[in-house]
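Let me begin by presenting the structure, written as structure tokens, before commenting on it.
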Amino acid sequence: MSPVFYLLAAITIAGGLAAVLLKKLVHCALAAAAAFAGLALLFLSLDAQFAGFVQFLVYLGAVAILIVFAILLTRNAEEQDGGLFSRTWFAGLVVAAAVFAVIGWAVLRSGSVLPNQLAVPTATVRDIGVALMGRYVLPLEIVALLLTAATIGAVIVAMHEKEGEQ
Amino acid sequence: MTPLSAYLLVGALVFAIGLAAALTRRNAILVLIGIELMLNAANLNLIAFWRFGPNPEALIGMMFAIFSIAVAAAEAAVGLGLVIAIYRHYNTTDLDQLNRMKG
Amino acid sequence: MAQNLDQIFVLLTGWMVSYLPEWLRPYGVAVLGVVGVLAVYVTLFALTTWFERKGLGRMQNRYGPNRCGPFGLFQPVADGIKALTKEDLVPRSADQVVHFLAPLVLLIVICMGLAILPVGRNMVLVDMDAGLLFFFALGASTELSVFMAGWSSRNKFSLLGAMRAIAQMISYEVPLLLSAISAVMIAGTLSLPKIVEAQAGFSGILPHWYVFTPWGFAGAVIFGIAAKAETNRCPFDLPEGESELVAGYFTEYSGFKFAIFFIAEYLGMFSISSVSVTLFFGGWGAPLSFLTFIPSWIWFFAKVLTIIFVFIWVRATLPRLRQDQLMNFAWKFLLPLSLINLGVTALWRFMGDGWQRWIVCAAIVIVSYIVLGLWGMRRQHVAPRKYSYAD
């Protein structure tokens, strides 16, 4: 493995850990943004240029901004009494560690059967466009519908309730 | 260790971190961040399998990842909308206090 | 001769690199390219600050800078020395780490955007297959650094400025992307050098630039307006409206960090102008067929500077918008117009080469412009203003 991979993996994991452990919510959101950026760079290191840039555009440009807006809109939620973690944090930690142990064990045990094709695949934007408009056109349309529905739904859910109006 | 298993291990670790965030933190927004991290870890696996697996020109893993990014964006919008609606109603986003079924 | 002059920087790089050992050459080319592009754009930044103040002065009937050097030409140098020697103040209640990181992230992201610009024939640092997507992905990442700057300052003006800036950038990103997509649809590629190549060639003496088609003209205008909003330039400079918010999200920055924000704003303006030149104005191509003997890089920078001049001109001419006007303009006028323009582009693509497509496409663009404009400017019932804090 190249040093670039280790660097990117370190950025991603450090960002993720900081997002879980930090105290201030905005710091958590920024750390999560660092983790998203690290993942996008990992996509680029896997020669998936288009997916990496899409990850940048969607996660850093939209999701991270949405999260910080939500944090600022729920402002005095920051002053919580009784710690950052829920009462059942120990059980949650055990479950997460168990999941990681099982997946890691499975990955390490299956090293010999995993595919290992080292030739760099070419996925030009043209190929992706042709695939999206040809074989995957139905999922594309459904995703468009889903995004529209989600936008409208999010606006309606987050809209002011009418009862408070004078 | 092959390159693919290294990427899969990173994916597993990010998934576990996201799961820990979703299960242990008290703030609803942090839980959503954890869910996003889990989705991202899955995307990393998809892209890694596309890169090292057979038949990369079919673009299957790549397409899965792109669609999953789009779905994750929709999920984030709806989830944060719900968090804001809950905050308006209860004036808190602390999940330990949101334990009543009655509004 | 003209050939050599056109490729002078490429040849120069090759000559300098030939002194290096074989295995170092790719790195040498990369380093020289990066240094060259950064040097050119930073010089351009210094000249533009002078040009802007001088031009604004001329348009407002005053002299502008005239103390340092001939015609005040050394004013940028004096400004640089001032920024470097000033004390770097950080508010005590500020979030130190985030406050420090915000300008760095902004500058890095903006400088990365310069890498994909084709500044001349065979003169592009990285020819990426998804270059335009890369540019917009970087543009999306600047929003986060703006938020970091505004939030970490612990100042209501900073936070308000950052919120305004983010809302504005997100709103205007939509028409920006949609109008860029119309050029991509015709060129059939996201790679910027290939988009320039698709606009090469002349019919008669006129070039095949996209701006000379109905959809391209509308797209270029929409792109230009959205680009002004993206770079927070007047009349869209609400995020840093100095009469309302002191200086917006960089109120609490001083000394060199303030200078970094200033540089980043100008470099962002250059890169987005360069992209609009590439998308709609033929990149480094000559405007008339008998002018091709002039080197391509001269044409590129001439076009970029022309667009910068238009930016300055608009800044001197138009007053600042109000926040609701800004949002209405983006969502109710630019967005529908750019969507219609996208449809017109598809129509243009599939109508063949005849003269009919000119009439049909131009008619659709003009009619939708007039209808949307009238609808936007219709007489609205204005209720008496209600101040919720005074009740």
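Order of the sequence lines sets the chain letters (A, B, ...), proteins ahead of strands, with each chain counted from 1. Keep in mind it's a predicted model, so treat the numbers as computed, not measured.
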Contact origin within [X] toward chain A - heavy atom pairs under 4.5 Å:
X: Ile29(B); value: side chain
X: Ala12(B); value: both
X: Val78(B); value: both
X: Ile66(B); value: side chain
X: Ile60(B); value: both

Quick check for you: among [options], which has the greatest number of heavy-atom pairs under 4.5 Å with chain A?
options: Ile69(B), Val10(B), Leu9(B); value: Ile69(B)
options: Asn40(B), Ile47(B), Leu8(B), Val14(B); value: Asn40(B)
options: Ile17(B), Ile84(B), Leu37(B), Leu82(B); value: Ile17(B)

Around atom CZ of Phe64(B), are there more than 12 heavy atoms from other residues, nucleotides or ligands closer than 6.0 Å?
no
Please rank [options] by heavy-atom pairs under 4.5 Å with chain B and give me the top one.
options: Cys28(A), Gly16(A), Gly104(A), Ala106(A); answer: Cys28(A)
options: Leu108(A), Asp47(A), Asp127(A), Val54(A); answer: Asp47(A)
options: Val102(A), Thr12(A), Leu17(A); answer: Leu17(A)
options: Gly15(A), Ala19(A), Ala62(A), Pro139(A); answer: Pro139(A)

Decide yes or no for [X] and [Y]: does some side-chain heavy atom of the first lie under 4.5 Å from some side-chain heavy atom of the second?
X: Val107(A); Y: Tyr7(B); value: no
X: Leu32(B); Y: Ile67(A); value: no
X: Pro3(B); Y: Phe5(A); value: no

The ring pair (Phe, Tyr, Trp, His ring centres under 6.0 Å) partners of Phe53(A) (sequence neighbours excluded) come to Phe134(C)
With a 3.5 Å distance limit and no angle check, can you tell me whether Arg25(B) reaches the backbone of Val20(A) through a side-chain donor-acceptor pair?
yes
Kindly give the heavy-atom pair with the smallest separation between Leu19(B) and Ala96(A), and that separation in Å.
CD2-CA, 3.9 Å
Grab the two heavy atoms, one from Leu46(A) and one from Arg51(B), that are nearest each other, plus how far apart they are.
O-CD, 3.2 Å
Inter-residue atom distance [X].[atom1] - [Y].[atom2], 0.5 Å rounding:
X: Met62(B); Y: Tyr136(A); atom1: CE; atom2: OH; value: 11.0 Å
X: Ser5(B); Y: Arg109(A); atom1: OG; atom2: CZ; value: 13.5 Å
X: Ile71(A); Y: Asn27(B); atom1: CD1; atom2: CG; value: 7.5 Å

Evaluate the side-chain contact (heavy atoms from CB on, under 4.5 Å) criterion for residues Leu39(A) and Asn43(B): first the C-alpha distance (whole Å), next the side-chain angles of each, then the deciding distance (0.1 Å), finally the verdict.
CA-CA 9 Å; Leu39(A) 280 161; Asn43(B) 283 348; over 6 Å; no
Chain B heavy atoms under 4.5 Å from [X]: which part of the residue, side chain, backbone, both or neither?
X: Ala48(A); answer: both
X: Phe90(A); answer: neither
X: Ile128(A); answer: both
X: Phe36(A); answer: side chain

So Val99(A) and Phe15(B), side-chain contact (heavy atoms from CB on, under 4.5 Å) or not? Walk me through it.
CA-CA 9 Å; Val99(A) 165; Phe15(B) 186 87; 3.9 Å; yes
Extract all donor-acceptor atom pairs below 3.5 Å that involve side chains of residues 142-151 of chain A and protein atoms in other chains or at least two apart in sequence.
{"from": "Thr148(A)", "atom 1": "OG1", "to": "Ala144(A)", "atom 2": "O", "distance (Å)": "2.7"}
{"from": "Thr151(A)", "atom 1": "OG1", "to": "Leu147(A)", "atom 2": "O", "distance (Å)": "2.5"}

Run Leu80(B) and Phe69(A) through side-chain contact (heavy atoms from CB on, under 4.5 Å) and show every step you take.
CA-CA 9 Å; Leu80(B) 291 169; Phe69(A) 262 86; over 6 Å; no
Check the pair Arg135(A), Leu59(B) against side-chain contact (heavy atoms from CB on, under 4.5 Å), reporting the backbone distance first and the verdict last.
CA-CA 11 Å; Arg135(A) 192 173 165 200; Leu59(B) 290 174; over 6 Å; no
